[in-house]
Amino acid sequence: MTKPRLHRRVVLLSVLCGALGVAPVACGAQTAQDPFPAPLAAAAGTIRVGFVDFATLPDVQGVAARMMRIVDEPGTRRLFVNDQQGPLYRVSYDGKTVEMFVDLSDARWNVGVQSQGRERGVQSFAFHPQYAQRGTPGFGKFYTWSDVRDTGPTADFLPKGGGDTHDTVLHEWTAVTPDAPSYDGAPPRELMRFQQPYGNHNGGMIGFNTTAAAGSADFGLLYVGNGDGGSGGDPNGHSQDLSSGFGKVLRLDPLGRNSRNGKYGIPASNPFVRNGASALPEIFAYGVRNPQQFAWDKKNGRMFLTDIGQNIVEELDTLSAGANLGWNTWEGSFAYDSRSVSLSNQRGDSKMTFPIAEYAQSDALLQSQSAASGLVVYRGTQVPSLTGRVLWCDLPSGEFFYVSADDPPNGGQSAVKRILLKDGGTAKTLMDVIRDRNARLGKEAPRRVDLRIGEGPNNDVFLLNKADGVIRKLVR
């Protein structure tokens, strides 16, 4: 999900070449441009919020849980959190109880989770909005989006140019008793399968529109984020190809059956349903590289998305039916060209949906790798300083940002401001908080945070990470 900052090395090499009196091209350097030379504001506009340790997931073989997503299931009054390696835990609303709900890596479910490296594993999960409503079509149903080892079954979606490192599969699970302490249903039903050409940029988040009321057009439709297939620069040209399922956000009716494989439904309102045989009817939006999280604004239903860039720009987008976010023609607001960007003709295509906010990977606040992630549109009042803000983050460093939800910016990073955690009267980054905790416990200081953000009951905001397994809740 993250990538080395190649252009920083280019800048250093250019400096060295200049010191030697040699032109960068003659010295063997590529030219790369930083679209945001002014760094993110370290102090101006910073919001400081409190936090509490809410719950802790168990280590797996001595390694902190690789938390990916937290979901509130209001019908059973429980939170659920997954570990990328396979476990899905249920967590009580007070955080005092953390117990296994189902382990996808258990052989009896025949899922076979592939969780090697940082990017593969159980990517996401979602509960049908009717999960706890007996007598409804979605009763007891939840969904998982997982990388798997078994590549034997024929995939529904193939990459261009071959390649078969593993598959990513959407499964439907049906609990007999939704509020039971652990899953009590049969093995899951497979809905769709992608053959992955590379080991990175696999599936992203899945989720249901949290603002869609029962009976509305979007109620019960499952959004599925899917990366461009991996490697670097989208070498197969997937993201702009409407005949490919890679580099897209899909929208499905998981209870329907009118898809090509007969295992899920195609909503009639999808933007490419009547576009002809060349366009996949599952597509809701396209031109994404490595979509991480999406969320809806409870105030107006607007949908937001965080998408990881290639080597220069990280971005926060709004998403609508049929939107083209530009990859790999554009990286953020800038024309993309072989791991670099052009500073001319910025946002120069009216057909594209350009980011509302973005930042440079070379920013001094960040690490040598960077990746946009996390997403909550905060309409709660428990933390008034965050009300009306879109909350997002940089995954490796754990830096935590906000922009206005009511008056979204129009690209660039000037509107991106930091959020710091108040710890004993001192403002700290999440990385600082985790390192201090590990030091007290005699554990090694983590090199990265892998931060994700989620929302719970009463608009509570939770911070997840892969460094210490602790779920933290923001407070006033």
Side-chain angles (χ1 to χ4, degrees), residues 1-3 68-69 84 118-126 143 145-147 157 159 168 170 192 194 196 198 200-209 221-234 236 238-242 244-252 271 280 282-296 302-310 313-332 336 352-359 370-377 390-395 450-454:
M1 292 177 186
T2 57
K3 54 271 144 200
M68 294 291 287
R69 191 172 184 221
Q84 198 169 11
R118 289 189 177 276
E119 299 196 33
R120 283 171 284 185
V122 181
Q123 300 285 343
S124 187
F125 66 98
Y143 301 86
W145 187 220
S146 310
D147 298 312
F157 299 90
T168 304
L170 180 66
M192 65 162 49
F194 277 76
Q196 295 288 354
Y198 301 101
N200 59 343
H201 307 184
N202 311 135
M205 174 181 161
I206 64 173
F208 294 92
N209 185 344
L221 301 186
L222 183 65
Y223 289 76
V224 180
N226 196 45
D228 65 6
S231 187
D234 191 9
N236 294 324
H238 286 143
S239 293
Q240 289 296 314
D241 184 353
L242 289 174
S244 171
F246 293 91
K248 310 296 189 294
V249 175
L250 311 177
R251 183 170 63 175
L252 324 172
L280 293 178
E282 291 92 343
I283 296 173
F284 178 76
Y286 65 111
V288 297
R289 180 179 178 274
N290 194 354
Q292 286 300 290
Q293 290 187 252
F294 44 79
W296 289 265
R302 182 183 290 138
M303 186 178 181
F304 294 87
L305 170 80
T306 49
D307 192 18
I308 296 177
Q310 178 64 53
V313 180
E314 300 297 325
E315 63 186 78
L316 170 66
D317 303 285
T318 55
L319 206 60
S320 59
N324 182 356
L325 273 60
W327 178 250
N328 68 348
T329 304
W330 297 84
E331 183 177 352
Y336 173 78
M352 299 296 163
T353 298
F354 289 106
I356 63 167
E358 51 204 326
Y359 61 87
S370 56
S373 186
L375 200 52
V376 166
V377 185
V390 181
L391 315 181
W392 57 309
C393 66
D394 181 66
L395 190 152
D450 286 300
L451 173 61
R452 286 175 172 81
I453 313 168

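The shortest distance between side-chain heavy atoms of Leu170 and Leu222 falls below 4.5 Å. Within the 4.5 Å cutoff, the side chain of Tyr359 has heavy atoms near those of the Asp394 side chain. Residues Met192 and Leu250 form a side-chain contact, since some pair of their non-hydrogen atoms from C-beta on lies under 4.5 Å apart. Residues Leu319 and Tyr223 fail the side-chain proximity criterion, which asks for heavy atoms closer than 4.5 Å. A heavy-atom distance below 4.5 Å is not found between the side chains of Leu451 and Leu395. You'll find the side chain of Asn324 stays beyond 4.5 Å of the side chain of Thr329, heavy atoms only. Contact of the Pro355 side chain with the Leu316 side chain is not registered, since no non-hydrogen atoms from C-beta on lie closer than 4.5 Å.
Looking at Asn226, its side chain does come within 3.5 Å of a backbone N or O of Gly245 through a donor-acceptor pair. Side-chain N or O atoms of Gln84 include one that pairs as donor or acceptor with a backbone N or O of Arg118 at under 3.5 Å. Panel note: side chain Arg69, backbone Met205; no donor-acceptor pair is recorded below 3.5 Å. A donor-acceptor pair under 3.5 Å is absent between the side-chain atoms of Asn290 and the main chain of His201, judged by distance alone. Here the side chain of Asp234 pairs a donor or acceptor atom with the backbone of Ser239 at under 3.5 angstrom. Checking side-chain atoms of Gln292 against main-chain N and O of Ser373 turns up no donor-acceptor pair under 3.5 Å.
Here CG of Asp317 is found 12.5 Å from CE of Met352. Values are rounded to the nearest 0.5 Å. Atom CH2 in Trp296 sits 5.0 Å away from atom CG in Asn209 (nearest 0.5 Å). Taking OG1 of Thr168 as the reference point, atom CD of Gln196 lies at 3.5 Å (rounded to 0.5 Å).
When the side-chain contact (heavy atoms from CB on, under 4.5 Å) test is applied to Thr318, the partners found at least two apart in sequence or on another chain are Arg302, Phe304, Thr353, Ile356. Residues forming a side-chain contact (heavy atoms from CB on, under 4.5 Å) with Ser231 (at least two apart in sequence, or on another chain): Tyr198, Pro235.
Here the closest non-hydrogen pair linking Leu305 and Leu375 is N-CD2, 3.5 Å. Contact detail for Leu252 and Glu282: the closest heavy-atom pair is CD2-CG, 3.7 Å. Considering every non-hydrogen atom in both Asp228 and His238, the closest pair reads O-ND1, 2.8 Å. Minimum heavy-atom separation, Lys248 to Leu242: CE-CA, 4.4 Å. The nearest pair of heavy atoms linking Pro271 to Gly322 is CG-N, 3.4 Å. The two residues Gln293 and Ile453 have their closest heavy-atom pair at NE2-O, 2.9 Å.
Phe194 and Phe246 have perpendicular rings, their planes meeting at more than 60° on a 0 to 90° scale where under 30° would count as parallel.
Gln310 and Arg289 are linked by a side-chain donor-acceptor pair at a separation below 3.5 angstrom, with hydrogens and angles left out of the test. Using modelled atom types and a 3.5 Å distance limit, the side chains of Asp147 and Gln123 yield a donor-acceptor pair.
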>> With side chain to side chain contact (heavy atoms under 4.5 Å, CB included) as the criterion, how do Glu315 and Trp330 come out once you've worked through the C-alpha distance, each side chain's angles and the decisive distance to 0.1 Å?
In response: CA-CA 11 Å; Glu315 63 186 78; Trp330 297 84; over 6 Å; no
>> Could you go through Trp327 and Asp307, starting from their C-alpha distance and side-chain angles, then the distance that decides it, and tell me whether this counts as side-chain hydrogen bond (donor to acceptor under 3.5 Å, both in side chains)?
In response: CA-CA 10 Å; Trp327 178 250; Asp307 192 18; over 6 Å; no
> Where do Phe157 and Leu280 land on the side chain to side chain contact (heavy atoms under 4.5 Å, CB included) test, with the steps shown first?
Replying inline: CA-CA 10 Å; Phe157 299 90; Leu280 293 178; 3.8 Å; yes
